[in-house]
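Input: a single structure, listed below in structure tokens.
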Amino acid sequence: MMTVTAPAKINLSLRILGKREDGFHEIDTVMAPLDLADEIHFANSRTTTLLCDAPGVPTDESNLVMKAVRLFEREYGKKAKQKINLVKRIPAGAGLGGGSSDAVQTLLALNEIIGTGYSSEKMAALAAELGSDTSFFLHPAVSRCTGRGEQVEPLEALAGWTSPIVVLKPSFGIATPDAYRRWADSRPVEGFSYAEQNADGVILVNDLERPAFEKYPFLGMMKQWLLRQDGVKGALMSGSGSSMFALTGSPDEAQAIAQKAVAELDSTLFVWTGIVNPQ
């Protein structure tokens, strides 16, 4: 058996530069890993099957883990034959990259289990086929990602930077294609802040907040609420949402905000506190 962890990410910044000819959007984003992670267990089997402990998460060919398996099998030329058990801790539809992270860790695990010895360049090419943010998860560290997200450059200036964080996600998720599709025609909602924030030298901004807050005003309300809390250095939506996060001064402050959010905002919120860019 082999067990691997698949970390979540947040977008510290996300700028959309325009629509590309291939249908994707040109972006400039800074991503950072969290110590929130899924677990994936692998065991040799006669066939490949996927199990998951989270209700509503598909275990058929639509899951990115299975897509990663099939992609690996295409290159390998044989069946992988693994029983895969996915333990979900990263919520879906949250803008935290859980599906992409799971897929990349599956590729890396199969390369080790089967002993194919594919190079890092080969693994990067395979990962890029699975999505725009997958390349980041090959070597998760604070990085600037450009192109459609597949061009990853670690930011040495932020290599040692870390922060306590609180993450809040409502019961609904946001489909990434829908968020990008509505970006060009979206308008700011009065009363919500979209300006850049400087959190101890880290710039926080997300162009996808505009379409998200326009369609889901509760997310804008969550951000404004977070910005009013003691100890918050900056608050932002991650990726295409629907997760909102706040960088705080201490783990105790993050925990207090999490408890207060459940009491004041929504008792059904997914709440998590931990560390950005754990060292």
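Rounded to the nearest 0.5 angstrom, Phe192 CZ and Lys223 NZ are separated by 10.5 Å. Between the CD atom in Glu150 and the CG atom in Leu130 there is a gap of 13.0 Å [rounded to 0.5 Å]. Residue Leu226 holds its CG atom at 10.5 Å from NZ of Lys260, rounded to the nearest 0.5 Å. The NZ atom of Lys83 sits 12.5 Å away from atom OG1 of Thr48, with the distance rounded to the nearest 0.5 Å. With values rounded to the nearest 0.5 angstrom, Phe245 atom CZ is found 10.0 Å from Met237 atom CE. Considering CG of Asp200 and OG of Ser163, their distance stands at 7.5 Å, rounded to 0.5 Å.
Looking at Gln255, its side chain never comes within 3.5 Å of a backbone N or O of Thr273 through a donor-acceptor pair. At least one donor-acceptor pair closer than 3.5 Å links the side chain of Asn63 to the backbone N or O of Pro58. Side-chain atoms of Ser101 come within 3.5 Å of backbone N or O of Pro7 as a donor-acceptor pair. The backbone N or O of Tyr118 lies less than 3.5 Å from a partner atom in the side chain of Asn111, making a donor-acceptor pair. With hydrogens and angles disregarded, no donor-acceptor distance shorter than 3.5 Å links the side chain of Ser100 to the backbone of Gly97. Between the side chain of Gln229 and the backbone N or O of Trp225 there is at least one donor-acceptor pair closer than 3.5 Å. Side-chain atoms of Glu209 never come within 3.5 Å of backbone atoms of Gly220 as a donor-acceptor pair (strictly under, hydrogens ignored). Of the possible donor and acceptor atoms, one in the side chain of Ser238 sits under 3.5 Å from a partner among the backbone N and O of Asn11. Side-chain atoms of Asp207 come within 3.5 Å of backbone N or O of Ile16 as a donor-acceptor pair. Looking at Glu214, its side chain does come within 3.5 Å of a backbone N or O of Arg187 through a donor-acceptor pair.
A 4.5 Å side-chain heavy-atom check between Leu96 and Ile10 finds at least one atom pair inside the cut-off. A 4.5 Å side-chain heavy-atom check between Thr3 and Phe42 finds every atom pair outside the cut-off. In this structure, Ser193 and Gln224 have side chains that are in contact, with non-hydrogen atoms separated by less than 4.5 Å. Under the 4.5 Å side-chain criterion, counting only non-hydrogen atoms from C-beta, Tyr216 is not in contact with Met221. Annotation: side chain of Asp230 is not in contact with side chain of Glu253 (no heavy-atom distance under 4.5 Å). In this structure, Leu14 and Val205 have side chains that are not in contact, with every pair of non-hydrogen atoms separated by 4.5 Å or more. Between Asn44 and Lys81, every side-chain heavy-atom pair lies at or beyond the 4.5 Å cut-off. Side-chain contact between Thr106 and Ile40 is present, with heavy atoms from C-beta onward closer than 4.5 Å.
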Evaluation steps, side-chain contact (heavy atoms from CB on, under 4.5 Å), between Ile174 and Leu219: CA-CA 11 Å; Ile174 295 179; Leu219 296 180; 3.7 Å; yes
Steps toward side-chain contact (heavy atoms from CB on, under 4.5 Å) verdict (Leu12, Trp161): CA-CA 12 Å; Leu12 294 170; Trp161 173 81; 3.9 Å; yes
Verdict with reasoning, Asp102 to Lys88, per side-chain contact (heavy atoms from CB on, under 4.5 Å): CA-CA 9 Å; Asp102 294 341; Lys88 287 295 293 180; 3.2 Å; yes
Candidate pair Leu265 and Met222, rule side-chain contact (heavy atoms from CB on, under 4.5 Å), full reasoning: CA-CA 8 Å; Leu265 291 176; Met222 289 175 65; 4.3 Å; yes
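None of Arg148, Arg144, Arg15 except one satisfies the salt bridge (charged side-chain N to carboxylate O under 4.0 Å, His left out) rule with Asp28; the exception is Arg144. A side-chain contact (heavy atoms from CB on, under 4.5 Å) with Ile165 holds for exactly one of Leu34, Thr248, Ile257; it is Leu34.
By the rule that hydrophobic residues join a cluster once side-chain heavy atoms approach within less than 4.5 Å of another member, Val30 and Val152 end up as members of separate clusters. Transitive grouping of hydrophobic side chains (ILVMFWY, heavy atoms separated by less than 4.5 Å) brings Phe172 and Leu208 into a common cluster. Note on Val104 and Leu126: same hydrophobic cluster, where clusters join Ile, Leu, Val, Met, Phe, Trp and Tyr whose side-chain heavy atoms are under 4.5 Å apart, directly or indirectly. Grouping the Ile, Leu, Val, Met, Phe, Trp and Tyr side chains by contacts below 4.5 angstrom, directly or via other members, places Ile90 apart from Val4. Hydrophobic clustering (side-chain heavy atoms under 4.5 Å, transitive across Ile, Leu, Val, Met, Phe, Trp, Tyr) keeps Leu64 apart from Phe24.
Here the shortest heavy-atom pairing between Ser243 and Lys169 reads OG-CB, 3.6 Å. Here the shortest heavy-atom pairing between Ser13 and Thr29 reads O-OG1, 2.6 Å. The minimum heavy-atom distance linking Pro154 with Ser143 is given by the pair CA-OG, 3.5 Å. Nearest approach of Gly149 to Cys145, heavy atoms of both residues: O-CB, 3.6 Å. What you find for Leu110 and Ala80 is that their closest heavy atoms are CD2-CB, 4.2 Å. The two residues Pro211 and Ala179 have their closest heavy-atom pair at CG-O, 3.7 Å.
Phe213 has its ring centre less than 6.0 Å from the ring centre of Tyr194.
The pair Glu61-Arg70 counts as a salt bridge, with a side-chain nitrogen and a carboxylate oxygen less than 4.0 angstrom apart. A salt bridge links Lys122 with Glu75; the closest basic N to acidic carboxylate O contact falls under 4.0 Å.
Side-chain contact annotation: Asn277 with Thr162, donor-acceptor N/O pair under 3.5 Å absent. A donor-acceptor pair shorter than 3.5 Å can be found between the side chains of Asp60 and Ser62. Checked by atom type, the side-chain pair Ser45/Gln82 shows no donor-acceptor distance below 3.5 Å.
Within a 6.0 Å sphere centred on CD of Glu129, other residues, nucleotides and ligands contribute more than 12 heavy atoms. Environment of CZ in Arg182: crowded, with over 12 heavy atoms of neighbouring residues, nucleotides or ligands closer than 6.0 Å. Within a 6.0 Å sphere centred on CZ of Arg74, other residues, nucleotides and ligands contribute more than 12 heavy atoms.
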